[in-house]
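Residue numbers count from 1 along this sequence.
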Amino acid sequence: MGNARQRIEQQLTMLFRRAQRVHLMGSHAEVELDRSAYAILCRLDDEGPQRLGALASTFGLDPSTITRQVQSLERAGLAERSTDTRDRRVSLLSLTDSGLHAVRTTRQHRRDQLNDVLAGWPQEDVDTFASLLERFNQSLDHIHPE
């Protein structure tokens, strides 16, 4: 059992090293997105407008860090803040049309790359890998909740 856990640790180390290269390969579009910008834009695309506090909590960041990242997205024209109609003291961050285009174009490019990587895999293996990766991420969430 220890041997399998060692292999998992080794493979995760390799994956994390390669993840940076995959991220850079995914930066092909008119707008280059760093990892944090991409993560925030994906969250907005998946979940809709978000309070800055919720984003900070989701990514385990302090409010000043998320504020700097959001300001960068706003300057780039990818996201915009508005007042939350339920609580006028709170700002909501949402995607602009440019932000929506940038995140969806980048996501499609990454998915195309992933399709190339998995092209030789049987569909059953792809399905199993997806299920196990989801399960692994859920287990991480139990240890380190968002």
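- The nearest pair of heavy atoms linking L93 to L44 is O-CD2, 3.2 Å.
- Residue E124 places its CD atom among 12 or fewer non-hydrogen atoms of other residues, nucleotides or ligands, all under 6.0 Å distant.
- Residues F16 and F136 are members of one and the same hydrophobic cluster, defined by side-chain heavy-atom contacts under 4.5 angstrom among Ile, Leu, Val, Met, Phe, Trp and Tyr.
- One hydrophobic cluster holds both L133 and V126 under the rule that ILVMFWY side chains link at heavy-atom gaps under 4.5 Å.
- Taken together through direct or relayed side-chain contacts under 4.5 Å among Ile, Leu, Val, Met, Phe, Trp and Tyr, V70 and L100 form part of one hydrophobic cluster.
- Considering only heavy atoms from C-beta on, T83 stays 4.5 Å or farther from V90 through its side chain.
- Side-chain contact between Q69 and E74: absent, with no pair of heavy atoms (C-beta onward) separated by less than 4.5 Å.
- A cation-pi arrangement is found for R110 relative to Y38, the charged atom lying closer than 6.0 Å to the ring centre and inside a 45° cone about the ring normal.
- Under the 4.5 Å side-chain heavy-atom criterion for ILVMFWY residues, no single connected hydrophobic cluster contains both L140 and L132.
- Taking the side chain as every heavy atom from C-beta outward, R51 and D87 approach each other to under 4.5 Å.
- Nearest heavy atoms, R43 versus Q50: NE-OE1, 3.9 Å.
- Using a 4.0 Å cut-off between charged nitrogen and carboxylate oxygen, R107 and D112 do not count as a salt-bridge pair.
- With hydrogens and angles left out, the side-chain atoms of T65 and D62 include a donor and acceptor closer than 3.5 Å.
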| task | Walk me through it: do T13 and E9 pass the test side chain to side chain donor-acceptor pair (under 3.5 Å)? | result | CA-CA 6 Å; T13 300; E9 186 276 331; 3.1 Å; yes
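- Residues I66 and L95 share a hydrophobic cluster, clusters being chains of Ile/Leu/Val/Met/Phe/Trp/Tyr side chains in contact below 4.5 Å.
- The backbone N or O of R135 lies less than 3.5 Å from a partner atom in the side chain of S139, making a donor-acceptor pair.
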